[in-house]
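A short worksheet on the structure shown next.
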Amino acid sequence: MKSEARPRPLPFLSLVTLLFAVLYFISILQSIPQVIEGSGDRPGLLYLVAVLGVMFYLFTNQLATTLRLSRGDRLSWQRMARLSMAYIAIGSLSLVLGQDTVWLAQYLEASSVLVIAWMALMLGYLHSAAVRRFFPPPYAEEASALGWLLYVAGKDPFKGMRLI
């Protein structure tokens with residue numbers, strides 16, 4: 001059965017993940033003038049537009065998901081887990097490419113390692129028993145941890161379940 005109490009750290013943790021999404025998006029925006037000056041070729045500009053589009057998509061999804069997460073919507077749980085994994089992948093790619101920091105107006109620096117660690121913490125927290133009990137539909141029995149892992153991949157553990 002669904003727990004009525006929202007886990008207390010959930011809003012705070014989701015806001016911090018939103019901060020990291022903002023940092024990544026702003027770092028891309030700040031790099032636009034440098035890329036335009038340094039790259040007069042069309043492929044470089046198309047690459048910049050593609051990266052900017054992906055980061056804008058991730059940022060807007062992160063914002064919408066953060067706002068809905070505290071309501072107990074399990075689709076927002078799934079999206080937050082997927083977005084956390086996406087930012088872990090982006091942070092890992094940044095490390096591989098040698099860009100290990102994300103800057104915000106040259107005052108605030110966030111290491112890619114810190115972003116990866118925070119998103120992994122959020123992903124682990126989303127899979128904790130207290131949080132999983134907050135997201136099932138009303139009157140549904142608890143799904144297993146494996147069921148929630150499969151839900152990240154798209155298999156809803158409550159689909160076809162009789163909800164009395």
Side-chain angles (χ1 to χ4, degrees), residues 2-3 5-32 34-35 47-137 142-158:
K2 183 175 181 171
S3 170
R6 179 184 69 210
R8 285 184 171 228
L10 187 61
F12 171 74
L13 291 176
S14 60
L15 283 175
V16 174
T17 60
L18 180 62
L19 171 69
F20 284 121
V22 168
L23 287 175
Y24 264 95
F25 186 63
I26 289 177
S27 71
I28 295 296
L29 289 176
Q30 287 181 336
S31 70
I32 290 174
Q34 296 168 355
V35 172
Y47 174 75
L48 174 66
V49 169
V51 169
L52 187 59
V54 167
M55 294 310 294
F56 181 72
Y57 174 77
L58 288 174
F59 170 70
T60 55
N61 273 335
Q62 186 74 36
L63 178 61
T65 300
T66 299
L67 295 174
R68 287 192 307 246
L69 192 65
S70 292
R71 287 193 261 150
D73 176 28
R74 76 177 185 278
L75 184 58
S76 64
W77 181 94
Q78 181 191 48
R79 286 183 179 157
M80 183 62 80
R82 288 177 176 176
L83 286 166
S84 295
M85 290 175 10
Y87 280 106
I88 289 170
I90 290 170
S92 299
L93 184 63
S94 294
L95 287 174
V96 168
L97 295 176
Q99 301 169 339
D100 62 343
T101 57
V102 176
W103 289 86
L104 175 60
Q106 298 182 348
Y107 297 111
L108 180 61
E109 175 186 356
S111 168
S112 293
V113 174
L114 179 63
V115 172
I116 292 168
W118 188 268
M119 294 299 178
L121 174 74
M122 183 65 179
L123 195 56
Y125 180 69
L126 286 172
H127 284 88
S128 70
V131 174
R132 289 191 327 252
R133 281 192 298 270
F134 179 63
F135 286 97
E142 275 189 52
S144 67
L146 177 61
W148 284 99
L149 282 172
L150 292 173
Y151 186 48
V152 174
K155 185 178 183 309
D156 190 348
F158 302 102

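Relative ring orientation between Trp118 and Phe12 is described as perpendicular, the plane-to-plane angle rising above 60° on a 0-90° scale split at 30° and 60°.
A donor-acceptor pair is defined here as one N or O able to donate and one able to accept, closer than 3.5 Å; no such pair exists between the side chain of Arg68 and the backbone of Ser76.
Closest approach of Val22 to Phe59, counting heavy atoms only: CG2-CE1, 3.3 Å. Pro9 and Tyr125 get closest at one heavy-atom pair: CD-OH, 3.4 Å. Considering every non-hydrogen atom in both Phe134 and Arg6, the closest pair reads CE1-CA, 3.5 Å. The two residues Arg82 and Val152 make their nearest non-hydrogen contact at NE-O, 2.7 Å. Across every non-hydrogen atom of Leu58 and Tyr87, the tightest pair is CB-OH, 3.5 Å. Here the closest heavy-atom approach between residue Pro157 and residue Ala143 is recorded as CB-CB, 3.7 Å.
Of the listed residues (Leu18, Thr66, Asn61), just one forms a side chain to side chain contact (heavy atoms under 4.5 Å, CB included) with Leu83, and that residue is Asn61.
Residue pairs meeting the side chain to side chain donor-acceptor pair (under 3.5 Å) criterion with at least one partner in residues 7-19, sequence neighbours excluded, are Thr17-Gln62.
Residues passing the side chain to side chain donor-acceptor pair (under 3.5 Å) test with Ser84, sequence neighbours excluded: none. Looking at residues two or more places apart in sequence or on another chain, you find no side chain to side chain donor-acceptor pair (under 3.5 Å) involving Arg79.
Rounding to the nearest 0.5 Å places CG of Leu75 at 12.0 Å from CE of Met80.
Between Met122 and Phe20 the shortest side-chain heavy-atom distance does not fall below 4.5 Å.
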